[in-house]
Novice: 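This structure is in C-alpha cells; I'll ask about it shortly.
We use all heavy atoms of the structure for the numbers below, so side chains are in, but hydrogens, waters and symmetry mates are not.
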Amino acid sequence: MKKGRISRRLSKMFDLPCEVFGGVSSITVTSNTEMLIDGCSGVEEYESDRVRLTLFDQNLEVVGSDLRLNSFFGRQIRICGRITEVRLI
C-alpha cells in the first residue's frame, strides 16, 4: 500500500489532517496570483507560462503568465504570477 493511502486512512481514523502523517502534498491557492505547494519533491519544468512539479504521489502543472518560483524551501514551494490553470497529472 502506498504511503499516501496509509496517511489518508490514518487521517480518517484519528480525525487529523493527512499532513500530520507525511507523504501527502497540500496545495493552497491564495488568489489567482499566488499559490503554496507543500510536499514538492522536484521541479520538472519551469517556464514563464508553465511550471510542472513532482509531488509525493502525482504531478502538478500550473499554467499562466509571468510565473516565477518565489521560494523553494525544503519541500515547500511558492509560485507567483498570473495563474490561469492548475492540473493534477
Novice: In terms of hydrophobic clusters joined by side-chain contacts under 4.5 Å, are Val86 and Leu69 together?
Specialist: yes
Novice: For the residue pair Ser25 and Gly39, what are the closest heavy atoms and their distance?
Specialist: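 Scanning both residues, the minimum pair turns out to be OG-O, 3.2 Å.
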Novice: Within this structure, what is the OG1-CZ distance for the pair Thr28 and Arg78, rounded to the nearest 0.5 Å?
Specialist: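 The CZ atom of Arg78 is 9.0 Å from OG1 of Thr28, to the nearest 0.5 Å.
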Novice: Return the minimal non-hydrogen interatomic distance between Leu67 and Tyr46, and the atom names on each side.
Specialist: O-OH, 3.7 Å
Novice: Quick one: does Asn59's side chain get under 4.5 Å of Leu53's, heavy atoms only?
Specialist: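 The answer is no; the side chains never approach within 4.5 Å.
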Novice: CD of Glu44 to CZ of Arg52: how many Å apart, nearest 0.5 Å?
Specialist: 6.5 Å
Novice: Is the closest side-chain heavy-atom distance between Thr33 and Ile83 below 4.5 Å?
Specialist: no
Novice: For the pair Gln76 and Cys40, evaluate side-chain contact (heavy atoms from CB on, under 4.5 Å) and give the outcome as yes or no after the intermediate values.
Specialist: CA-CA 6 Å; Gln76 191 176 74; Cys40 176; over 6 Å; no
Novice: Under the criterion side-chain contact (heavy atoms from CB on, under 4.5 Å), I'd like the reasoning laid out for Leu36 against Val29: C-alpha separation, chi angles, the key distance, then a yes or no.
Specialist: CA-CA 6 Å; Leu36 181 68; Val29 180; over 6 Å; no
Novice: Mind checking whether Arg82 and Asp66 have side chains closer than 4.5 Å, heavy atoms only?
Specialist: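 Arg82 vs Asp66: side chains apart.
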Novice: With a cut-off of 6.0 Å (strictly less than), are more than 12 heavy atoms of other residues, nucleotides or ligands near CZ of Arg50?
Specialist: yes
Novice: Does Ile79 reach the side chain of Arg68, with side-chain heavy atoms less than 4.5 Å apart?
Specialist: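 Result no, sub-4.5 Å side-chain heavy-atom pair not found.
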Novice: Within a strict 4.5 Å, meaning less than it, do heavy atoms of the Asn70 and Cys80 side chains meet?
Specialist: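 They are in side-chain contact.
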Novice: For the side chain of Thr30 and the backbone of Met35, is there at least one donor-acceptor N/O pair under 3.5 Å apart?
Specialist: no
Novice: Less than 4.5 Å apart, side chain to side chain, heavy atoms only: is that true for Leu60 and Ile37?
Specialist: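 Yes, close enough: below the 4.5 Å cut-off.
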